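In what follows, a single structure is set out as C-alpha cells and then discussed.
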Amino acid sequence: MPVVQKPDISAHKDLFLYRLRHSASHIMAQAVVELFPDVKLGIGPPIEDGFYYDFDTPHTFTPDDLARIEEKMRNIIAEDAAFVREEKSREEAVRLLQDRNERYKLEILSDIPADEPVTFYTSGRFTDLCEGPHVEHTGEVRHFKLLKVSGAYWRGVETNPMLQRIYGTAFETEEELRAYLRRVEEAEKRDHRKLGAELGLFGFFEEAGAGLAFYYPKGATLLRQLEEWMYGEHLRRGYEPLRTPHMLKTDFWKLSGHLDHYRDAMFFIKDMEGGSADAPIPGISYGVKPMNCPGHVLVYRSQTRSYRDLPIRYFEFGTVYRDERGGTMRGLLRVRGFTQDDAHIFCTPEQYEEEVSACLDFCFHTLDTFGFDYYVGLKTRPDDKLGSDEIWDMAEGGLEKVLKDRGVPFFYGHKDATFYGPKVDFIVRDSLGRDWQGSTVQLDFNLPERFGMEYVDAHGEARRPVMIHRAILGSFERFIGLLVEEFNGAFPLWLAPVQVRVLPLTDELNDYAAGVRGQLQEAGFRVELDDRSEKLGKKIRDGTVQKIPYLVVIGKREAESGKVAVRSYFDGDLGAMELSQLSARMKDEVERKLARRKD
RNA sequence: GCCCACAUAGCUCAGUUGGUUAGAGCGCGUCCUUGGUAAGGACGAGGUCACCGGUUCAAAUCCGGUUGUGGGCUCCA
C-alpha cells in the first residue's frame, strides 16, 4: 500500500537547499525594505518548493515590482555579504525591533520560549530576527525566481491584518530551477479544470452559481462507472443502501448540533410562513443537508435494535450542499454541491476497532486500485466541539490504537477534526501539489448520545451504540478531479467515457464501420464512430487528443479480411487483429482494472 | 469571507493614448476531396465586448458596484 510520509519541511533545516531558500527569503526581504522603506516585516520561511516573505505596507505589489525586487536581489547577491549569526539579550532585541517599529517581529520575539536563544542574522546592511540557519554568503543564492504575490493573514488568523506575501523559489543550479518551472508548466496542463473542458467532462455556469458542477455526457458516464463499482464494493462488505431526503426540518439540525456548529456552511430554505434563509423559523423551516448522518440516524432509530443486528452498515451516495465561502472553490476539488460515498456504521463498543480497521482496508483497496500516493492523518478535537473531553479522549485513543496496531504511518492534525468526533483522513495530492482530503473515517460517541440511540444487549439492557462515519472516495466530485489529474485525462479502460472509437478510412466504409461499432457495443463497450469525411491522420489525431484508449481503423483491407486495425493510446499501432481478439484484450483490461500512466 | 489580478465568438487569444461596419486560429455548417496511422481545401454562420450604473460629444477601452474565474490566506469531502 503506497502510504507515503507527509513531507515535513522543518525536518530538513540543515539541508543546503533549506538554508539556501531561507537565505533567498532573507535577501528578498532586504530588497523589499530597501525599495519600500516603510514596510513592516512578517515572517519569511522556506517552504516545500521555495520560500515566501510577508510584508505589511500600504503599497500594493505588482508584477513590475517583482521584477524590480529581483533586480535588487541580484545586486545584494553580487555584494556577497556574509550571513552573520548573533545572539542578543531579550532587552537588546526588543530595543532593536522597537527602534525599527517592527510590531510583527516583536510579537514573534515575545513568543520565543525563555530558554531559547534570541538570534539575529545580519547580511550586509540588513539585520533580521531569525532562527536560521542560512548559507554562508548571499552570493551562494544564484538561481532564484519570484513567482507571485498574494494576501495572507498575519499568523494565519482571519481577524488579523492581511499582509502581502511574495512567493519565490530558489535552487542550487540553473538546470534545477528551469526543470522546476517546466514541471509546474507540465502540471498546469493536467489541471482537471483544463482537461475537464478539453475532454468534455464537466463545466460550471456563472448563471447557475459558483461551485455547482454540471457533468456533461462523458463526465456523467465516468461518474456512473465509479458509482456502479463502489456500489458493488459496498454490498460485498456487508453495507446496505439507503436513500434519504435532501432537506430536513431546521429543528432536527438543531438536535443534531449542526445548527450550532455547522450553521455557517448550511443553506436554509424559506418556508411558507415567511421565514428566510437568514432567519429560519424553528419547527417549520428546512435546512438543506450538509451531511447525511442525521438522516441515517433516523433510519437506525426507526425500530428497536438488538445487539444481534449490529454492526449495521448503511451507505448512501448522498448529495450534500455546503455554503463554502466565495474564493474557496476550485474546480471539482472544492464545490458547494457534492455527492459523498457516505456510510454510517452503528456497532457496539466492542466492535468498533474491527469496524474501523475494515474501513481502513476499504480505503487502502480503493486508493490502491488507482495507484494513488497518499498519506494518513489523525485529526483531533477542534475548539468548537460537541461533548466532553472524556468522550474525545476515548474516541481519539480508539483511532490512534487502530492505526498503531496496524502499523500505518500517520501524522497528527491537531484540532482538525469535525465537531462530533476525531477522524482518520487519507490525503491525496493534486497535480499542482495541493493536498486534498479524500477518504475519511470518523469515530463518534457524541451523536449517539445526542440522538438517544440505543440497542438491546444480551441481558436485555438498553445500551448506547458507537457510530462510525466514513467516506471512501470522499466525494465523487473531488475524486474525479483527482483522477483526471492523476491519469492526465487518459483514464483506465474500465472508467474511460469512450473506450474505443471506430475510424472508417473512407466514406464508402461508413456503413461497414457502423456494423463494427454495433458489434463492439454488443460486446458491452462504450464506442464512438468517427464517420466524418476527414483523412485518417486527422481522425487519429483527434482520437489521440481526446485520449481514447483504443482507435480501430477500418479500411478496405480490414473490410475484406474481417479484421480490424487497432491503435492503442499507450502502445501505439497494434496492427490487424480479429475483432474477438480486441474484445478479449479489452475485457481483460477492464476486469483487471489496469491503471497505466503515460509518463 | 479577505488580499491581488482577470472577464472580447463554443474554445484559445489579438484589439495601439476612449473615435466609423470588433479580428485571427481551432471548433461548428455547406460544398469539394475518399485520402492507410497526430491537423486536406473552399465558402459561410457565430460576439447586447460578463452584468448593472456612472463620467464623456463618444466607452470593449475610464470610474463604481454585482456576478463569475484565477493565484494565495482562512475554512473544509
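Order of the sequence lines sets the chain letters (A, B, ...), proteins ahead of strands, with each chain counted from 1. Here the structure is a predicted model, which means the values were calculated and not measured. Values reported hereafter were calculated over all heavy atoms of this structure, with side chains retained and with hydrogens, waters and symmetry mates removed.
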Rounded distance (Å) that lies between atom [atom2] of [N] and atom [atom1] of [X]:
X	N	atom1	atom2	result
A/Leu66	B/rC4	CG	C1'	11 Å
A/Phe338	B/rC76	CZ	P	13 Å
A/Met266	B/rC76	CE	C1'	15 Å
A/Asp54	B/rU74	CG	C1'	13 Å
A/Arg478	B/rA77	CZ	P	8 Å
A/Gln546	B/rU37	CD	C1'	18 Å
A/Met162	B/rC73	CE	C1'	5 Å
A/Tyr52	B/rC73	OH	P	8 Å

Please tell me which of the listed nucleotides, [options], lies nearest to the side chain of [X]?
X	options	value
A/Ala152	B/rC73, B/rA77, B/rG71	B/rC73
A/Glu558	B/rG36, B/rC75, B/rA38	B/rG36
A/Thr60	B/rC4, B/rC2, B/rG27	B/rC4
A/Ala210	B/rA38, B/rU69, B/rA50	B/rU69

Are the ring centres of [X] and [Y] closer than 6.0 Å?
X	Y	value
A/Phe372	A/Phe479	yes
A/Tyr167	A/Tyr52	yes
A/Phe51	A/Tyr53	no
A/Phe36	A/Phe61	yes

In whole Å, what separates the [atom1] atom of [N] from that of [M]?
N	M	atom1	answer
B/rA59	B/rC51	C1'	16 Å
B/rC31	B/rA50	P	36 Å
B/rC49	B/rA9	C1'	10 Å
B/rU37	B/rA42	C1'	26 Å
B/rU8	B/rA24	C1'	13 Å
B/rC26	B/rA5	P	35 Å
B/rA14	B/rA60	C1'	13 Å
B/rG71	B/rG65	C1'	23 Å

Legend entry - base_contact_polar (B/rG72 base, A/Tyr153 side chain, donor-acceptor, <3.5 Å): no
Inset, instruction - Indicate, yes or no, whether a donor-acceptor pair under 3.5 Å links the base of B/rG72 to the side chain of A/Gln164. - result: no
Contact class for [X] (heavy atom, under 4.0 Å): base, sugar-phosphate, or nothing?
X	answer
A/Lys423	sugar-phosphate
A/Gly555	base
A/Gly151	base
A/Gly156	sugar-phosphate
A/Val335	base

Inset, instruction - Give a yes/no verdict on base stacking between B/rG72 and A/Tyr167: centres under 5.5 Å, planes within less than 30° of parallel. - result: no
Ion pair [X]/[Y], N-O distance below 4.0 Å:
X	Y	answer
A/Lys218	A/Glu528	yes
A/Asp571	A/Arg585	yes
A/Lys289	A/Asp342	no
A/Asp542	A/Lys539	no

Phosphate-side-chain proximity, [X] and [N], N/O vs OP1/OP2 below 4.0 Å:
X	N	value
A/Arg330	B/rG72	yes
A/Arg193	B/rG71	yes
A/Lys148	B/rA5	no
A/Tyr262	B/rA77	no

Legend entry - In B/rG46, glycosidic geometry as syn within 90° of 0 or anti otherwise: syn
In terms of relative ring orientation, are [X] and [Y] parallel, tilted or perpendicular, with 30° and 60° separating the classes?
X	Y	result
A/Tyr216	A/Phe205	tilted
A/Phe315	A/Tyr239	perpendicular
A/Tyr412	A/His414	parallel

Legend entry - Consecutive-pair stems (at least three Watson-Crick or G-U pairs, under 3.5 Å) that include RNA chain B: B:1-7 with B:67-73, B:10-13 with B:23-26, B:28-32 with B:40-44, B:50-54 with B:62-66
Legend entry - Contact pattern, 5' to 3', of nucleotides 28-35 of chain B - B, S or - by protein heavy atom under 4.0 Å: -----BBB
Legend entry - RNA chain B contacts among residues 433-442 of chain A, heavy-atom distance under 4.0 Å: A/Arg434, A/Gln437, A/Gly438, A/Gln442
Inset, instruction - Let me know, please, whether A/Glu324 or A/Leu432 comes out on the 5' side of the other along RNA chain B by nearest nucleotide. - result: A/Leu432
Inset, instruction - Take A/Arg165 and A/Ala565, find for each the nucleotide of RNA chain B with the closest heavy atom, and name the residue whose nucleotide sits nearer the 5' end. - result: A/Ala565
Inset, instruction - Kindly say whether A/Leu333 contributes a backbone atom to a donor-acceptor pair with the side chain of A/Arg478 at under 3.5 angstrom? - result: yes
Inset, instruction - Measure from the side-chain N and O atoms of A/Arg470 to the backbone N and O of A/Asp341, and report whether any donor-acceptor pair falls under 3.5 Å. - result: yes
Legend entry - A/Arg243, CZ: over 12 other non-hydrogen atoms inside 6.0 angstrom: no
Inset, instruction - Inspect the surroundings of NZ in A/Lys145 and state if more than 12 heavy atoms from other residues, nucleotides or ligands are less than 6.0 Å away. - result: no
